[in-house]
Amino acid sequence: MALLKAWSKLSLNLLVFAVTFSGAPGITWIEPPDPVTTLGGTLVVKCITDCDQPLLIGLETQLDKLPENNGTRWRAFRLKNITQDSLLLCFANCNDKGQMLHSTNVTVIQPPEHVKLELPPRWILVGQNFTLRCQVWGGKPRQNLTLALLRGSQELSRQTVSEQDPRKVAEVTFTATARIEDHGVNFSCRAELDLQPQRLGLYQKSSAPMELHTFGLGTPRLTSPKLLEVGKEENVSCEIDELFPVKNAQIHLSLGGRSLSSSVTRSQDMLRATAIAAIEEGDREGQWELTCIVTLGDQNREVQENLTIYSFPLPTLVISEPNVSEGTLVNVTCEARTGAKVYINGTLQSPGKIAQLSLKATEEYDGSWITCQAVLEVLGEQLWRNKSLKLLVQYGPRLEEAHCPGNWTWPEGTLQTLRCEARGNPAPSVACVREKDRMSLPLGVPLKVSRALGGPYRCTATSRRGRAAKYVTVTVETSPGDSVLVIVGALLVAGFAVTAGTIAALCLRQSTRRDSYEVQMLPLRGRQAD
Ligand SMILES: *[C@@H]1O[C@H](CO)[C@@H](O)[C@H](O)[C@H]1NC(C)=O
Ligand SMILES: *[C@@H]1O[C@H](CO)[C@@H](O)[C@H](O)[C@H]1NC(C)=O
Ligand SMILES: *[C@@H]1O[C@H](CO)[C@@H](O)[C@H](O)[C@H]1NC(C)=O
Ligand SMILES: *[C@@H]1O[C@H](CO)[C@@H](O)[C@H](O)[C@H]1NC(C)=O
Ligand SMILES: *[C@@H]1O[C@H](CO)[C@@H](O)[C@H](O)[C@H]1NC(C)=O
Ligand SMILES: *[C@@H]1O[C@H](CO)[C@@H](O)[C@H](O)[C@H]1NC(C)=O
Ligand SMILES: *[C@@H]1O[C@H](CO)[C@@H](O)[C@H](O)[C@H]1NC(C)=O
Ligand SMILES: *[C@@H]1O[C@H](CO)[C@@H](O)[C@H](O)[C@H]1NC(C)=O
Ligand SMILES: *[C@@H]1O[C@H](CO)[C@@H](O)[C@H](O)[C@H]1NC(C)=O
Ligand SMILES: *[C@@H]1O[C@H](CO)[C@@H](O)[C@H](O)[C@H]1NC(C)=O
Ligand SMILES: *[C@@H]1O[C@H](CO)[C@@H](O)[C@H](O)[C@H]1NC(C)=O
Ligand SMILES: *[C@@H]1O[C@H](CO)[C@@H](O)[C@H](O)[C@H]1NC(C)=O
């Protein structure tokens, strides 16, 4: 509308020549080419032509104009009180080229009115690219309008706007890579209308600062046993690194949907939760999901693992009678949970969960342990449970040569101990009595051997389960005389090779019993050696 009004005011003089405008091109121009002014400002413009002898140079505008100066090929005009954008039309009437026209708009500066920065609404993962959108309302001339992205007070980048219509919102986008150090930093956008070269000033407008949130979030890892027994406790933990900012992160562990109370440790870029997973008696066996969730801002990372919950109590071992008389038939039964295999004393009795064994109680079994082993395979792993019971077998006294030797030969005058022990359950008592005079020989105590001790004895073992008897003969050797001491020389005669310096003596003693000699090597000390 403003433009139409401007054209309607143009003089008739111009319209006459306008017919030739397109047909006879010459060069006419305006200086400055894109005039800019402040509101209500004054501007001097020059209409210039290249034609040699122009008849007339003029300026058509709705603005108040005053001739300023002139030359052969130019005229300058002063335009005053410029309050709105206006069209300037310069014309030159030439003899040879006809009329030449040139138009331009004078722009009244409008500082940028409003600037808005839009950040991504979410937290941005460190290392990822994101875009920031900056919008500006108003601001002209648009050619001189730039938008700068600022991080705090530091300018990161700057772009000119492409939208040239000052009535429309101009928008630019910036791309940046999220960094740890950008977290919590205020970003802003600043519109700048820079007309300092024209000495018309610098007009700036900034957006409200917007805080950027960046984060780092690795993948959490779970540490836990694969198997968990009912009634037992196990440590489970979850750890995440490459985490930023650690203080804003939350970590949460749950098992089978139940939250685990965990203790959380934080370090520079790591977060760890440790908890005790306890499965109570009566809880369901099978797969339980262990879940770890790490939350940071509006982000979260989750990891899950299945724990196999099983129950495997000790097998039930029953001995029909754990304390029996010799010869009794004893039944041993062992039972484990379904799915387990049962062994009695290392032997698989039957492939099922119950094992049975019948055995005849003999004295060898007295005091022996019967062991039941149950084995359960869970996730390819063999789990064992053992239970043992002792079997007691009652049997009568046994007097055996090994523990009660029948022949004893003792040299007279020595200290000797008679041993005669009986086996049996309950433990029998043993007594040895000489038949001729009913003299009893004390057992297990040292005795000074005299001829009077000799003779046959009757040893009797007695317990609640009966008695056993055995003859034991004691022979007393009488000594013939003193031992003969023979010096080293005799040793050499006997054909022994003794190295120099060996000091020894040979002691020969005649045995009373046999025609034999015992040879003893005795070390000699001090005066004896001489
Ligand atoms: C050109 O300028 C001179 C002096 O400034 C003035 O006298 C003259 O009238 C001007 N010519 C036109 C055509 O305005
Ligand atoms: C400038 O122009 C405006 C309207 O275009 C007018 O209201 C105002 O009075 C003028 N000022 C002067 C100083 O001429
Ligand atoms: C002057 O401005 C008007 C409207 O803003 C536009 O249509 C025209 O093309 C402009 N003229 C020049 C020479 O820039
Ligand atoms: C982020 O942008 C830079 C250049 O601006 C580019 O080199 C890089 O590949 C981009 N990264 C991603 C993850 O898109
Ligand atoms: C303003 O825009 C004009 C036209 O594009 C240009 O010639 C001038 O250099 C610009 N000024 C600044 C300060 O950018
Ligand atoms: C960011 O801007 C807000 C709003 O102006 C201000 O409250 C906050 O302190 C600024 N933060 C920083 C780190 O400058
Ligand atoms: C769990 O970890 C703590 C500390 O490392 C340790 O003392 C405890 O014995 C563990 N408990 C189990 C059930 O493994
Ligand atoms: C855990 O087990 C359930 C059911 O057996 C299965 O659907 C799920 O995929 C398993 N999860 C993992 C992490 O193995
Ligand atoms: C075994 O049985 C016998 C007789 O029945 C009894 O005297 C003994 O005390 C029992 N032993 C045990 C350990 O019960
Ligand atoms: C042991 O088992 C056999 C057959 O399995 C049975 O006849 C006997 O009565 C059982 N004995 C005891 C003491 O349970
Ligand atoms: C079972 O084994 C133990 C030790 O190996 C042994 O002492 C016991 O006699 C065995 N019992 C049976 C019933 O085989
Ligand atoms: C004891 O010795 C005598 C004679 O040396 C022998 O006849 C007898 O069989 C032996 N008795 C035993 C129980 O060894």
Side-chain angles (χ1 to χ4, degrees), residues 2 32 34-41 82-85 105-217 243-249 295-300:
D34 295 299
V36 177
T37 180
T38 50
L39 184 68
I82 308 168
T83 53
Q84 62 182 25
D85 291 3
N105 286 323
V106 57
T107 308
V108 177
I109 291 168
Q110 186 199 3
E113 278 168 10
H114 179 63
V115 184
K116 186 177 156 195
L117 177 67
E118 268 180 30
L119 290 186
R122 303 167 72 84
W123 290 43
I124 308 149
L125 187 61
V126 167
Q128 269 192 356
N129 287 345
F130 65 101
T131 53
L132 302 106
R133 199 155 73 110
C134 184
Q135 291 174 303
V136 59
W137 282 260
K140 66 177 185 183
R142 282 282 167 95
Q143 300 98 291
N144 296 96
L145 186 64
T146 54
L147 289 174
L149 176 68
L150 284 93
R151 176 187 189 277
S153 57
Q154 172 204 0
E155 185 179 314
L156 294 182
S157 86
R158 179 183 286 268
Q159 286 180 35
T160 54
V161 302
S162 57
E163 176 56 66
Q164 294 298 310
D165 186 344
R167 291 166 300 182
K168 291 186 181 162
V169 176
E171 178 180 305
V172 301
T173 54
F174 298 96
T175 303
T177 306
R179 300 172 308 164
I180 286 181
E181 51 269 38
D182 292 334
H183 179 73
V185 170
N186 276 336
F187 280 72
S188 61
C189 180
R190 189 166 65 204
E192 274 184 17
L193 186 61
D194 186 3
L195 296 160
Q196 291 172 112
Q198 291 97 320
R199 298 174 194 282
L200 292 170
L202 172 69
Y203 302 86
Q204 293 182 322
K205 184 83 184 177
S206 290
S207 72
M210 305 285 289
E211 216 169 284
L212 186 70
H213 295 283
T214 62
F215 70 98
L217 202 50
L243 183 64
F244 169 83
V246 171
K247 70 175 167 60
N248 294 50
T295 331
L296 180 61
D298 56 2
Q299 297 283 323
N300 59 56

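We count residues from 1, following the sequence as given.
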By side-chain hydrogen bond (donor to acceptor under 3.5 Å, both in side chains), N248 pairs with (sequence neighbours left out) none
When every non-hydrogen atom of T38 is compared with those of L200, the smallest separation belongs to CG2-CD2, 4.1 Å
**Request:** Kindly indicate, with the supporting measurements, whether the criterion side-chain contact (heavy atoms from CB on, under 4.5 Å) is fulfilled by K116 and W137.
**Result:** CA-CA 9 Å; K116 186 177 156 195; W137 282 260; 3.9 Å; yes
K140 meets the side-chain hydrogen bond (donor to acceptor under 3.5 Å, both in side chains) criterion, sequence neighbours left out, with D85
Do the non-hydrogen side-chain atoms of V106 and T37 ever get within less than 4.5 Å of each other?
yes
For H213, the side chain to side chain contact (heavy atoms under 4.5 Å, CB included) test, sequence neighbours excluded, returns W123, H183, E211
Across all chains, not counting sequence neighbours, the side-chain hydrogen bond (donor to acceptor under 3.5 Å, both in side chains) partners of E171 are R133, Q135
For residues 148-160, the side chain to side chain donor-acceptor pair (under 3.5 Å) pairs (sequence neighbours left out) are T146-R158, R151-D182, E155-R158, R158-E192
Flag side-chain contact, heavy atom, 4.5 Å: T214 against F244 = yes
Exercise for review: Carefully, step by step, assess I180 and V126 under the rule side-chain contact (heavy atoms from CB on, under 4.5 Å).
Suggested key: CA-CA 6 Å; I180 286 181; V126 167; 3.8 Å; yes
Residue set satisfying side chain to side chain contact (heavy atoms under 4.5 Å, CB included) with T131, at least two apart, ordered chain then number -> T175
Please answer whether the main-chain N or O of S207 pairs with a side-chain N or O of S188 as donor and acceptor at a distance below 3.5 Å. no
- Decide side-chain contact (heavy atoms from CB on, under 4.5 Å) for L149 and L117; before the verdict, give the C-alpha distance in whole Å, the side-chain angles of both, and the deciding distance to 0.1 Å. CA-CA 9 Å; L149 176 68; L117 177 67; 4.2 Å; yes
Taken in chain and number order and not counting sequence neighbours, the residues that satisfy side-chain hydrogen bond (donor to acceptor under 3.5 Å, both in side chains) with R199 are none
Residue set satisfying side chain to side chain contact (heavy atoms under 4.5 Å, CB included) with S162, at least two apart, ordered chain then number -> none
Sorted by chain and residue number, the salt bridge (Lys or Arg N to Asp or Glu O under 4.0 Å) partners of D298 (sequence neighbours excluded) come out as none
query: With a 4.5 Å heavy-atom cut-off, do Q164 and Q143 have their side chains touching?
result: yes
Should L202 and D194 be marked as a side-chain contact (heavy atoms from CB on, under 4.5 Å) after you check the CA-CA gap, both sets of side-chain angles, and the distance that decides it?
CA-CA 5 Å; L202 172 69; D194 186 3; 3.7 Å; yes
Taken in chain and number order and not counting sequence neighbours, the residues that satisfy side chain to side chain contact (heavy atoms under 4.5 Å, CB included) with A170 are V136, R142, V161, E163
For V108 and L39, the nearest pair of non-hydrogen atoms, with its separation, is CG1-CA, 3.6 Å
Rounding to 0.5 Å, atoms CZ (R179) and CD1 (I124) come to a distance of 12.0 Å
Residue pairs passing the disulfide (SG to SG under 2.5 Å) test with at least one member in residues 118-163, sequence neighbours excluded, are C134-C189
Main-chain N/O of R167 paired with D165 side-chain donor or acceptor, under 3.5 Å
yes
Practice task
Would you mind reporting whether F187 and L150 have side-chain heavy atoms less than 4.5 Å apart?
Solution key: no
Hits for ring pair (Phe, Tyr, Trp, His ring centres under 6.0 Å) against F130, two or more places apart or cross-chain, chain-then-number order -> none
If we only count heavy atoms from C-beta on, is the L193 to P141 side-chain gap below 4.5 Å? yes
Discussion item. Any non-hydrogen side-chain atom of L125 less than 4.5 Å from a side-chain atom of F215?
Written reply: yes
G216 and L296 have their tightest heavy-atom pair at O-CD2, 3.6 Å
